[in-house]
Structures are given as C-alpha cells and as structure tokens.
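Data block below; observations after.
Reckoned from all heavy atoms, side chains included, excluding hydrogens, waters and symmetry mates. No experiment lies behind these values; they were computed from the predicted model shown. Throughout, a chain's letter reflects where its sequence line sits, starting with A, and its residues are numbered from 1.
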Number of protein chains: 2
Amino acid sequence: MSKGSIKTKQKILDSATELFLKKGVDRVGVREIAAKAGINLSLMNYYFQTKEKLFETIFDMLVKDKAEHLRDILESNLPIEEKISDYIDSYIDILIDKPILVSFVMSVIHRNPEKLKTMGSVLALYNSEKFCNHINIEAQAGRVRSVNPEQLYVSIISLILFPFAIKELIADRNKFTPKEYDDFVITRKTHITDMVLSYLKV
Amino acid sequence: MSKGSIKTKQKILDSATELFLKKGVDRVGVREIAAKAGINLSLMNYYFQTKEKLFETIFDMLVKDKAEHLRDILESNLPIEEKISDYIDSYIDILIDKPILVSFVMSVIHRNPEKLKTMGSVLALYNSEKFCNHINIEAQAGRVRSVNPEQLYVSIISLILFPFAIKELIADRNKFTPKEYDDFVITRKTHITDMVLSYLKV
DNA sequence: GTCTATATGGCGATAGAC
DNA sequence: GTCTATCGCCATATAGAC
C-alpha cells in the first residue's frame with residue numbers, strides 16, 4: 001500500500017523543517033517546500049492538508065524529546081541549586097542547537113492562542129508545577145529565601161529564552177559575529193545561574 | 001492643497017493604531033484598516049505606500065517618548081540601585097499600558113533584521129552603553145559585585161519584557177484572569193528589582 | 001500515491017479616471 | 001485627494017487522470 005509514501009512524507013518533513021528553521025515559518029511558502037521536496041503541491045496537501053498542520057507536526061517532533069529532558073530535570077531529586085544549574089545549562093544548549101525554537105513557540109502563541117491547550121509540546125516548555133513545589137519545600141525548611149515560586153520560574157525562563165528572541169538586536173548593537181554571539185550566550189549559563197542562586201541565598 | 005488630507009491621514013493612523021494594538025500587526029489586513037477609517041484602500045496607499053511603512057510610522061509614534069523616558073533614567077545621576085529600580089518600574093508601567101509593544105518589536109526584528117539599523121525607536125529600547133559605564137564605575141569602586149555589565153543589561157530587559165511576550169501562555173497555564181495577570185506583572189516590579197539588586201550586592 | 005489542472009478567496013499593491 | 005478596477009501572489013481545496 002504505502003510504497004514511496006513513507007519516504008515522500010519524510011522528504012516533505014525534512015525539506016519543511018530545514019526551511020522553517022532557516023527562514024522562519026512565515027517566510028516560507030508551501031510552494032517552496034514542495035519544490036525543495038521535489039514533489040507536487042497537491043501531494044503535500046494529501047499528507048498534511050494545511051501548512052499549519054505541517055508546522056505543528058514538525059514543531060512537535062523538534063520539541064518533544066527536548067521538553068521531556070527539561071521536565072525530567074525539574075522532576076528529579078537533585079538538590080535545588082544543582083537542579084536550577086542543570087536546567088539552565090540544558091535549556092541553553094538546546095537553544096544554541098536550534099535558536100529558532102523560541103520564535104516558533106512565540107509564533108504559535110500569537111498566531112493562535114486558543115490552540116495552546118491542544119499543543120502539548122508548547123505546554124511542556126512552561127512547566128512550573130514541580131519546580132514551585134520544590135522551591136516551597138526548600139523555603140519552608142529555611143534552606144532558600146522565601147520567594148514567590150511562580151515569579152521565580154518565569155524569571156528563569158525569561159533569562160534563558162529572551163536573548164534568543166532578540167538575537168539579531170543583541171548581535172547588531174554589540175557588533176557580534178555569529179561566534180561572538182554564541183560565546184555571549186554560553187557565558188550566560190553561569191551568569192544566569194549566579195544571579196538566580198545569589199537571589200535564593202538565605 | 002491639503003484639504004481633508006490631514007484629517008484623513010490622522011483617521012488612518014488612529015484606525016490602524018487601534019487595530020494593531022488590539023489584534024497584532026500580522027492579523028490586521030489593509031482592507032480592514034481602510035474600512036475602519038471609512039476610506040478607500042488606495043487612499044491609504046497614497047499616504048503610506050505600504051502596510052510596512054504605516055506600521056513603522058505608528059510604531060515610532062508609540063515608542064518615541066517612552067524610549068526617551070527610559071533613556072533619561074539610564075543617563076541620570078541616580079545611585080545605581082535607584083536607577084535600576086526606576087528603570088524596571090517605568091518599563092513595566094509602559095508595557096502594562098501597551099503590552100503589545102513587545103511583540104511589535106519582535107515582529108520588526110524577525111520580519112526585517114536589516115531594517116534594525118534605520119529604526120531608531122527600536123534601538124532606543126536596547127540601550128546599554130550608559131548603563132554599562134555606570135556599572136563598571138560602581139564595580140571598580142567596590143560598591144557592587146564585579147559583573148559583566150552587558151550580560152546584566154540583557155538580563156534586566158529579559159526579566160521585564162519576556163513575560164509580556166508570552167502573556168497568553170502564562171495566563172493560560174496559571175488560569176489567570178486579565179486582572180490577575182496584571183497583578184502578576186505588577187508584583188514582578190519588586191521581584192525583579194530584588195533579584196537584580198541581591199545579585200549586585202557585594 | 002502521485003500527478004495536472006483548476007477554482008476559490010484573501011492579501012498587498014498599483015494604474016488610471018475624476 | 002479620492003475613487004474604481006484590477007493585477008499578481010499566495011494558501012487552500014477539489015476533481016479527475018494515471
């Protein structure tokens with residue numbers, strides 16, 4: 001039954017992924033994707049119906065295992081300092097590999113806010129519950145400063161994610177080469193960790 | 001010569017501003033703007049040529065005086081702690097008033113990165129030079145911890161801006177009503193200030 | 001499964017009459 | 001200045017041949 005089907009489907013996914021990552025979702029047309037995949041536009045419609053569904057499929061693939069890894073860290077039994085440090089390091093490593101994931105997430109948020117509830121991958125990227133519980137426990141035990149844990153969680157992901165959302169602006173204003181920008185972001189790992197942990201210190 | 005011209009131009013600007021702020025640039029069509037302004041689509045083009053130029057005009061108007069106010073704070077002679085606190089408070093007040101400014105900036109960044117150099121208003125929103133100088137002076141005098149000032153500046157604007165960029169996600173995951181979201185953001189003023197100042201403390 | 005061909009409808013932009 | 005009419009591009013959808 002499905003002869004070239006699997007390969008064709010994969011070819012479409014590969015081409016679209018490459019284009020989405022390189023140019024951003026809004027700047028890629030369906031015709032361009034079909035051309036790159038070497039197939040007809042109608043065939044793309046046969047497999048994915050709409051560009052939006054194709055995007056969601058790709059987005060889920062790109063994000064799923066990354067999100068699980070991040071969730072595992074937050075749900076682990078590591079001491080709070082180590083947990084925060086690992087989380088920051090891993091998150092930044094993921095984004096250095098695929099910087100455009102941030103703008104993917106934000107395009108989903110702004111394109112279709114109602115869709116949020118059905119897109120598990122996006123929700124996995126904002127996953128504060130276990131973290132907040134842990135912070136509360138530590139605070140009650142007097143091992144960290146007593147803080148609003150949700151605020152802290154939002155602050156941590158802001159410190160990690162936002163520089164990738166305004167990458168071009170930062171690079172432009174500091175006259176960074178691509179390598180210098182990467183160095184800047186890598187340096188952020190310790191910067192962010194230092195900032196958060198010094199804030200939590202009792 | 002310019003009979004109804006000024007009024008017409010203003011009517012277009014008013015209509016477009018309202019729609020852009022309410023729905024976001026990408027979700028507003030030129031026909032919708034023209035209809036709301038009660039004029040013909042071509043007339044809009046006569047005054048503003050393209051939707052992009054119309055947007056840039058409005059963006060500059062919305063941002064200019066706000067950006068100047070923020071710059072004034074950074075260039076003031078306030079003690080560093082007060083300067084940071086004022087900056088955070090003012091920036092968040094601006095964004096509570098017009099939350100969509102953040103997504104405006106980011107749409108400019110992603111739509112046309114090359115345009116960045118010519119859009120003075122955007123550049124004014126990332127304006128680290130004076131701040132970095134001040135931090136360096138304080139650090140050398142031993143009044144604050146010795147830090148990478150550019151990293152710190154990026155961190156401060158990340159803490160301020162990012163929650164507005166993912167407003168819908170935060171509201172959804174915490175089941176915030178609009179008022180609860182505003183409260184959350186107002187609470188951030190002291191949260192962010194505490195975090196930054198505790199980090200800087202020697 | 002894969003193709004050609006075509007239709008619909010939205011969009012930004014423009015030509016040209018008045 | 002202001003309009004009508006239209007162009008060209010796009011995403012989406014469908015019919016129908018192979």
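B:I12 has its CD1 atom 14 Å from the P atom of C:dG12, to the nearest Å. Spacing between atom CZ of A:R27 and atom C1' of D:dA11 amounts to 18 Å, rounded to whole angstrom units. Between the OH atom of A:Y46 and the P atom of C:dT4 there is a distance of 17 Å, rounded to whole Å. In this entry the distance linking CG of B:L43 with C1' of D:dG1 reads 6 Å, nearest Å. Separating the CD atom of A:E52 from the P atom of D:dA13 is a distance of 12 Å, rounded to the nearest angstrom. Regarding A:M44, its CE atom lies at a distance of 9 Å from the P atom of D:dA11, rounded to whole Å. Per the geometry, CD1 belonging to A:I33 stands 13 Å off P belonging to D:dC10, to the nearest Å. One interatomic measurement links the two molecules: CZ of B:F48 to P of C:dG12, which rounds to 15 Å at whole-angstrom precision.
For B:L41, whose side chain is taken as the heavy atoms from C-beta onward, the closest listed nucleotide among D:dC3, C:dG1, C:dA13 is C:dA13. Nearest to the side chain of A:N40, among C:dT4, C:dG1, D:dA5, sits C:dT4. Checked against D:dT2, D:dA11, D:dC3, the side chain of A:K51 finds its nearest nucleotide in D:dA11.
Phosphate proximity of D:dT14 to A:N45: absent, as no side-chain N or O sits under 4.0 Å from OP1 or OP2. The side chain of B:T8 contributes an N or O atom lying less than 4.0 Å from OP1 or OP2 of D:dT2.
Across A:D89, A:D86, A:D93, a single residue satisfies salt bridge (Lys or Arg N to Asp or Glu O under 4.0 Å) together with A:K189, and that is A:D93.
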Assess whether salt bridge (charged side-chain N to carboxylate O under 4.0 Å, His left out) is satisfied between A:D26 and B:R111, documenting all intermediate values.
-> CA-CA 9 Å; A:D26 295 323; B:R111 235 206 294 272; over 6 Å; no

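Counting non-hydrogen atoms under 4.0 angstrom, A:T50 reaches the backbone sugars and phosphates but no base.
Residue side chain B:R31 reaches the base of C:dG12 through a donor-acceptor N/O pair under 3.5 Å, judged by distance alone.
Two residues, A:V30 and A:S42, neighbour DNA chain D, and the one matched to the more 5' nucleotide by heavy-atom proximity is A:V30.
Taking the six-membered ring for Trp and the full ring otherwise, A:F55 and A:F104 have centroids separated by under 6.0 Å. Here the two rings, on B:Y199 and A:H191, have centers that are under 6.0 Å apart.
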Enumerate donor-acceptor pairs with a distance under 3.5 Å from any side-chain N or O in residues 169-179 of chain B to protein atoms, sequence neighbours excluded.
from, atom 1, to, atom 2, distance (Å)
B:D172, OD1, A:K117, NZ, 2.7
B:R173, NH1, A:L123, O, 2.6
B:R173, NH1, A:Y126, O, 2.5
B:N174, ND2, A:Y126, OH, 3.2
B:N174, ND2, A:E150, OE2, 3.4
B:N174, ND2, B:I170, O, 3.0
B:T177, OG1, B:E180, N, 3.1
B:T177, OG1, B:E180, OE1, 3.4
B:K179, NZ, B:D183, OD1, 3.2
B:K179, NZ, B:D183, OD2, 2.9

